Undergrad: 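If you scroll down you'll find the structure; I have some questions about it.
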Amino acid sequence: MPPTDADIPRPLSRWLDDYLAQLSVERGLSANTVSAYRRDLSRYLAYLVAQGVRQPSEITEAMVTGYQHTLASGDAAHISLAPASVARAVVSVRNLHAFALAEGITAINPAESLTVPKLGRRLPKALGIDEVQRLLDGIEQITPMGLRDRALLELMYGTGVRVSEAVSLDVDDMTRVLAADDAGLRVIGKGDKQRVVPLGSYARAALEAYLVRGRPALLDAVSQGGGSAKMNRARASGISALFVNALGARLSRQSVWEVMQVRAAAVGLTHVTPHSLRHSFATHLLDGGADIRVVQELLGHASVTTTQIYTLVTVEQLREVYVAAHPRAR
């Protein structure tokens, strides 16, 4: 059985805690980002303990490279990771060891020669406008769940918000926007940065229907469900949330993924994820002539370089049309 967090020797766990404290306090990383670092590095420390390591100074270069191999190939406790996930974990390990060297915890950096796997440039998968229309029109607005799912997906496609941003919205955020015809929706994005995104008429109408007929019905069902301790806790956790589940609790990112799978399958779409709607939002804006700087602001990208990947999508679409339509393109 692989080591658990409780099995990690104190010198190793203190090293990790100190590093995460630096990320949080000195570098100002968000709680979600620090949690992601903790997950990655806790797995690394568990691997080291299995190798007999009890002190940071006992870690060798061979152990570090061995860990990178297990990330890519998997082991008894974990499946193999995708190249992007391996790259992220490798960077985390390198930074942890650089911290140890800088703080005098170790005299050498055994991860100094660790190389990050090269990743091919992957274009985002965007749905066609007709596919988005099919997805949204396939959601009935009769049941409370249908009203919720239509409002959720209309919001995500209509504003380009990340799934984490959508599920973190409170009902008060939305009622303020709906009360003013031209008000934008304030969204808290990565690094706790706030931005304002316009709310279109389709998303506005779906959200109004959900708030009037969907959300109250979901919360009423919880209050009439016997009043168990679990239901009461769920209701308390979701009382301020815009999007709630059948227990009245705030909808999770995983639940949104499941909603997408069910709704997409119902209309014959495959390989659709919550992020597909964000990709589609950006691609369709650029196809329609939007300035890339505007799209950058709407997506909440810190750099326009991140947004430029969507221009590659539109160029690829132009190339496909050219090849299909021009008699001398082949």
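The structure displayed is predicted, hence computed values, not measured ones.
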Undergrad: Over 60° means perpendicular and under 30° means parallel, so tell me whether Phe243 and Tyr210 are parallel, tilted or perpendicular.
TA: parallel

Undergrad: So, His284 side chain and Leu127 main chain: donor-acceptor pair closer than 3.5 Å or not?
TA: yes

Undergrad: Backbone N or O of Arg10 within a donor-acceptor pair of the Ser13 side chain at under 3.5 Å?
TA: yes

Undergrad: Kindly compute the distance separating CG (Leu147) from CD (Glu140), expressed to the nearest 0.5 Å.
TA: 8.0 Å

Undergrad: If you look at every heavy atom in Leu218 and Arg148, which pair is closest and at what distance?
TA: CD1-CD, 4.4 Å

Undergrad: Checking Arg293 now: which residues fulfil salt bridge (Lys or Arg N to Asp or Glu O under 4.0 Å) with it, not counting sequence neighbours?
TA: none

Undergrad: Check the hydrophobic clustering (I, L, V, M, F, W, Y; side-chain heavy atoms under 4.5 Å; chains of links allowed) and say if Val93 and Val91 are grouped together.
TA: yes

Undergrad: Looking at Ala206 and Ala151, what are the two nearest heavy atoms and their distance?
TA: O-CB, 3.6 Å

Undergrad: Walk me through it: do Leu277 and Met260 pass the test side chain to side chain contact (heavy atoms under 4.5 Å, CB included)?
TA: CA-CA 10 Å; Leu277 292 179; Met260 287 290 299; 4.1 Å; yes

Undergrad: Checking side chain to side chain contact (heavy atoms under 4.5 Å, CB included) for the pair Asp172/Thr175: CA distance, chi angles, key distance, verdict?
TA: CA-CA 5 Å; Asp172 287 347; Thr175 52; 4.2 Å; yes

Undergrad: Would one find more than 12 heavy atoms of other residues, nucleotides or ligands at under 6.0 Å from atom CZ of Arg14?
TA: yes

Undergrad: To the nearest 0.5 angstrom, please state how far the CD atom of Gln133 sits from the CG atom of Asp130.
TA: 9.0 Å

Undergrad: Report yes if some heavy atom in the side chain of Glu154 is under 4.5 Å from a heavy atom in the side chain of Leu207; otherwise report no.
TA: no

Undergrad: Taking Arg94 for the side chain and Leu114 for the main chain, is one N or O donor matched with an acceptor at less than 3.5 Å?
TA: yes

Undergrad: Is a donor on one side and an acceptor on the other found under 3.5 Å between the side chain of Arg263 and the backbone of Leu135?
TA: no

Undergrad: Quick one: do Arg215 and Asp220 make a salt bridge, cutoff under 4.0 Å?
TA: no

Undergrad: Quick check: is Val304 connected to Val295 through a chain of hydrophobic side chains (ILVMFWY, heavy atoms under 4.5 Å apart)?
TA: yes

Undergrad: Are the ring centres of His97 and Trp15 closer than 6.0 Å?
TA: yes

Undergrad: Under the salt bridge (Lys or Arg N to Asp or Glu O under 4.0 Å) test, which residues partner Arg162, sequence neighbours left out?
TA: Glu165

Undergrad: When you look at Arg204 and Val177, which way does the side chain to side chain contact (heavy atoms under 4.5 Å, CB included) test go after all the steps?
TA: CA-CA 9 Å; Arg204 184 181 293 269; Val177 176; 4.3 Å; yes

Undergrad: Does the side chain to side chain contact (heavy atoms under 4.5 Å, CB included) test come out yes or no for Arg54 and Val49, once each step is laid out?
TA: CA-CA 6 Å; Arg54 301 192 62 81; Val49 172; 6.0 Å; no

Undergrad: Can you tell me how far CG of Leu286 sits from CG of Asp291, rounded to the nearest 0.5 angstrom?
TA: 9.0 Å

Undergrad: Are the side chains of Leu12 and Gln55 in contact, using a 4.5 Å heavy-atom criterion?
TA: no

Undergrad: For residues Leu211 and Met145: do they belong to one hydrophobic cluster (side chain heavy atoms under 4.5 Å, members Ile, Leu, Val, Met, Phe, Trp, Tyr)?
TA: yes

Undergrad: With a 3.5 Å distance limit and no angle check, can you tell me whether Ser168 reaches the backbone of Ser164 through a side-chain donor-acceptor pair?
TA: yes

Undergrad: State the CD1-CD distance between Ile292 and Glu297, to the nearest 0.5 angstrom.
TA: 12.0 Å

Undergrad: Specify the closest pair of heavy atoms between Leu81 and Ser85, including all atoms of both residues, with the distance to one decimal.
TA: CB-CB, 3.9 Å

Undergrad: Please confirm whether the backbone N or O of Val272 pairs with a side-chain atom of Gln261, one donor and one acceptor, at under 3.5 Å?
TA: yes

Undergrad: Is there side-chain contact between Arg150 and Asp137, with heavy atoms separated by less than 4.5 Å?
TA: yes

Undergrad: Any non-hydrogen side-chain atom of Leu152 less than 4.5 Å from a side-chain atom of Met156?
TA: yes

Undergrad: For Leu299, is there any backbone N or O sitting under 3.5 Å from a side-chain donor or acceptor partner on Arg278?
TA: yes

Undergrad: Ignoring hydrogens and angles, tell me if any N or O in the side chain of Arg195 forms a donor-acceptor pair with the backbone of Leu298 under 3.5 Å.
TA: yes

Undergrad: If I take atom OG1 from residue Thr106 and atom CD1 from residue Ile59, how far apart are they, to the nearest 0.5 angstrom?
TA: 8.0 Å

Undergrad: Do Leu199 and Leu155 touch side chain to side chain, with heavy atoms closer than 4.5 Å?
TA: yes

Undergrad: Heavy-atom distance under 4.5 Å between the side chains of Leu185 and Leu169, does that happen here?
TA: yes

Undergrad: Can Ser252 and Ser255 be counted as having a side-chain donor-acceptor contact under 3.5 angstrom?
TA: yes

Undergrad: What closest approach, in Å, do Arg134 and Val267 show between heavy atoms, and which atom pair accounts for it?
TA: NE-O, 3.0 Å

Undergrad: Check whether Ile105 and Ile8 end up in the same hydrophobic cluster, where Ile, Leu, Val, Met, Phe, Trp and Tyr are linked by side-chain heavy atoms less than 4.5 Å apart.
TA: yes

Undergrad: How about Tyr67 and Arg43: do any of their side-chain heavy atoms sit closer than 4.5 Å?
TA: yes

Undergrad: Taking Ser24 for its side chain and Leu20 for its backbone only, find out whether a donor-acceptor pair lies under 3.5 Å.
TA: no

Undergrad: Hydrophobic clustering (ILVMFWY, side-chain heavy atoms < 4.5 Å, transitive) - are Leu269 and Trp257 grouped together?
TA: no

Undergrad: Taking all heavy atoms of Pro144 and all of Gly214, pick out the closest pair and write down the distance.
TA: CB-O, 3.7 Å

Undergrad: Tell me whether Asp173 is salt-bridged to Arg176, with the criterion being a basic N under 4.0 Å from an acidic carboxylate O.
TA: yes

Undergrad: Do the charged groups of Glu208 and Arg213 touch, with an N to O distance under 4.0 Å?
TA: no

Undergrad: Is there a donor-acceptor pair under 3.5 Å between the side chain of Ser42 and the backbone N or O of Arg39?
TA: no

Undergrad: Got a second to check how far Thr283's OG1 is from His279's NE2, nearest 0.5 Å?
TA: 8.0 Å

Undergrad: Is the closest basic N to carboxylate O distance between Arg88 and Asp40 below 4.0 Å?
TA: yes

Undergrad: Mind telling me whether Tyr44 and Tyr47 have parallel, tilted or perpendicular rings, with 30° and 60° as the class edges?
TA: parallel

Undergrad: May I ask you to check whether Tyr19 and Phe99 place their ring centers less than 6.0 Å from one another?
TA: yes

Undergrad: Under a 4.5 Å cut-off applied to non-hydrogen side-chain atoms, are Arg250 and Asp170 in contact?
TA: yes

